[in-house]
There are 2 protein chains.
Amino acid sequence: MNIGDVAALSGLPAKTIRYYEDIGLVKPLRSSNGYRTFRESDAHKLAFLGRSRALGFSIEDCRNLLALYEDEKRASAEVKDIAKQHLERIDHKIAEMKQMRATLAHLVHACAGDHRPDCPILADLATKQGDED
Amino acid sequence: MNIGDVAALSGLPAKTIRYYEDIGLVKPLRSSNGYRTFRESDAHKLAFLGRSRALGFSIEDCRNLLALYEDEKRASAEVKDIAKQHLERIDHKIAEMKQMRATLAHLVHACAGDHRPDCPILADLATKQGDED
DNA sequence: ACTAGGGCTTCCATCAACTGGAAGGTCAAC
DNA sequence: GTTGACCTTCCAGTTGATGGAAGCCCTAGT
């Protein structure tokens, strides 16, 4: 398979696949004309990568997951651990975003949003703490 | 004020402040020894930037907000609009993360997490759609 | 045989938003 | 006069790609 074929199969752009080769996530063969030649297993790996990334795993996580995926004797605990850590990061991020959202929603709500210059949003950004003289 | 002072006041690292100067967000003066000299207004701007960034506004948003902040005749509607757009982006992002979280939580829950190699997480990553031969 | 097109190759640059580090100038204190 | 903190610039690296240029390669059509 050439790169265009695995790109279509995996849903990843060819550019991304080349990048994944660069960073050592896949190691396609080369045919005599210099073209990358992907085996079935490479296509599987790329699809795996696409799905892991879609779940927000970092490239390094993906690298570990891929190694575990290829290791028939891995313990599921190792995988679960990576996933759980990622889950925690996601939870943390969600909480952070919700906090931001709440503050911002409050400001947006407080702002008249008309032609006048008075703007609680700017006022808040300008003076929240450390500036109360 | 030297950079260390505004850094302490604004809570931003000196590196970041230099970077903000690079990209034209602040324009401190220079004293004869080449050191940056920050006025009160610069310190205010940096604090403003710190808070805007903490709310997740992009640098370009910050640039616009800062311009509006400095424009005494701005219409609050302009500010509100930027904030509302940002709010939408946040909502979108939160929804996305929640979706990821749900999928991942499901997988983590399904995985025994023991010494055995069977792992529903890897199985799912490996075969979800496009692979049912 | 020639040409047009599409696909493939490499390499280099760019994005966001910093951050780290090296090499070196400056300043206040002891 | 020398330490040590603070300042300067510049270059590289981070994460995860993405865009583009220059240039092979291959197939189909004429």
Side-chain angles (χ1 to χ4, degrees), chain A residues 1-38 42-43 45-66 85-86 89-90 93 96-97 100, chain B residues 1-38 42-43 45-46 48-66 82 85-86 89-90 93 96-97 100:
Chain A
M1 269 190 288
N2 282 349
I3 199 166
D5 306 320
V6 265
L9 277 180
S10 66
L12 295 170
K15 275 266 176 193
T16 301
I17 295 173
R18 289 196 197 97
Y19 170 68
Y20 285 173
E21 185 190 9
D22 264 14
I23 62 174
L25 288 179
V26 275
K27 304 198 197 318
L29 306 171
R30 294 291 178 138
S31 62
S32 52
N33 59 11
Y35 285 19
R36 287 169 183 81
T37 299
F38 295 84
D42 295 315
K45 276 203 217 178
L46 287 168
F48 181 101
L49 284 169
R51 288 187 290 265
S52 314
R53 294 285 302 129
L55 277 179
F57 284 101
S58 72
I59 289 287
E60 282 321 297
D61 277 345
C62 289
R63 199 188 295 280
N64 292 328
L65 289 172
L66 210 45
Q85 277 179 34
H86 183 43
R89 286 196 298 268
I90 290 177
K93 196 82 186 160
E96 213 173 68
M97 304 267 291
M100 272 174 28
Chain B
M1 269 189 291
N2 282 349
I3 200 167
D5 307 320
V6 265
L9 277 179
S10 66
L12 295 170
K15 275 267 178 192
T16 301
I17 295 173
R18 290 196 196 98
Y19 171 67
Y20 285 173
E21 184 190 11
D22 264 14
I23 61 174
L25 287 179
V26 275
K27 304 195 198 318
L29 306 171
R30 293 291 177 138
S31 63
S32 52
N33 60 10
Y35 285 19
R36 287 169 184 82
T37 299
F38 296 84
D42 295 316
K45 275 202 215 177
L46 287 168
F48 182 101
L49 284 168
R51 289 188 290 265
S52 313
R53 293 285 303 127
L55 278 179
F57 284 102
S58 71
I59 289 287
E60 281 321 298
D61 276 345
C62 289
R63 199 187 295 280
N64 292 328
L65 288 172
L66 209 46
I82 294 176
Q85 277 179 34
H86 183 42
R89 285 196 299 267
I90 291 177
K93 196 83 185 159
E96 213 173 67
M97 305 266 293
M100 272 175 27

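Reminder, nothing fancy here: chain letters follow the sequence lines and each chain counts from 1. Below, each value reflects all heavy atoms present in this structure, side chains not excepted, and no hydrogens, waters or symmetry copies.
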Interatomic distance, OH@Tyr20(A) vs CG@Leu49(A), rounded to 0.5 Å, equals 6.0 Å

Once rounded to the nearest 0.5 Å, what's the spacing between atom CD of Glu96(B) and atom NZ of Lys93(B)?
5.0 Å

Phe48(B): ring-ring contact (aromatic ring centres under 6.0 Å, His included) partners, not counting sequence neighbours:
Tyr69(B)

Scanning both residues in full, the closest heavy-atom pair of Arg53(A) with Cys62(A) reads CD-SG, 3.8 Å

Non-neighbouring partners of Asn33(B) that pass side-chain hydrogen bond (donor to acceptor under 3.5 Å, both in side chains), sequence neighbours left out
Ser31(B)

Would you mind building the protein contact string for nucleotides 22-30 of chain C? One character per nucleotide, 5' to 3', B for base within reach (heavy atoms under 4.0 Å), S for sugar-phosphate only, - for untouched.
---BBS---

Minimal heavy-atom distance between Met1(B) and Ala43(B), with the atoms involved, is CE-CB, 3.8 Å

Would you mind reporting whether Asp42(B) and Lys27(B) have side-chain heavy atoms less than 4.5 Å apart?
no

Closest-nucleotide ordering on DNA chain C, the 5'-leading residue of Pro13(B) and Glu21(A):
Glu21(A)

Angle between the two end axes of the helix from dA1(C)-dT30(D) to dC30(C)-dG1(D), five base pairs per end, rounded to 10 degrees?
30°

Atom pairs and distances, donor-acceptor, side-chain atoms in residues 7-19 of chain B, under 3.5 Å, two or more places apart:
unit_1	atom_1	unit_2	atom_2	d
Ser10(B)	OG	Val6(B)	O	2.7
Ser10(B)	OG	Leu12(B)	N	3.2

Minimum heavy-atom separation for Arg30(A) to Thr37(A), with atom names?
C-OG1, 4.2 Å

Distance check, rounded to the nearest 0.5 Å: Met100(A) atom CE versus Phe57(B) atom CZ?
8.5 Å

DNA chain D: first to last nucleotide in contact with chain B (atom under 4.0 angstrom from a heavy atom), 5' to 3', is dC6(D) to dC10(D)

Which residues pass the side chain to side chain contact (heavy atoms under 4.5 Å, CB included) test with Arg89(B), sequence neighbours left out?
Asp61(B), Gln85(B), His86(B)

Asn64(B): side chain to side chain contact (heavy atoms under 4.5 Å, CB included) partners, not counting sequence neighbours
Ile82(B)

Between the protein and nucleotides 1-3 of chain C, are there any N/O to N/O pairs under 3.5 Å, and if so, what are the atom names and distances?
none

Given protein heavy atoms under 4.0 Å, the one-letter contact record of nucleotides 13-18 of chain C, with B base, S sugar-phosphate only and - none, is simply ----BB

Residues forming a side chain to side chain contact (heavy atoms under 4.5 Å, CB included) with Ser32(A), sequence neighbours excluded:
none

Any base atoms under 4.0 Å from Ile23(A), or only sugar-phosphate, or nothing? Heavy atoms, all strands.
nothing

Residues at least two apart in sequence or cross-chain that pass salt bridge (charged side-chain N to carboxylate O under 4.0 Å, His left out) with Arg36(B), listed by chain then number, are Glu21(B)

For Ile3(A) and Phe38(A), work out which heavy atoms get closest and say how close.
CA-CE1, 3.6 Å

Determine: side-chain N/O of Arg18(B) to OP1/OP2 of dG20(C), distance under 4.0 Å, yes or no.
no

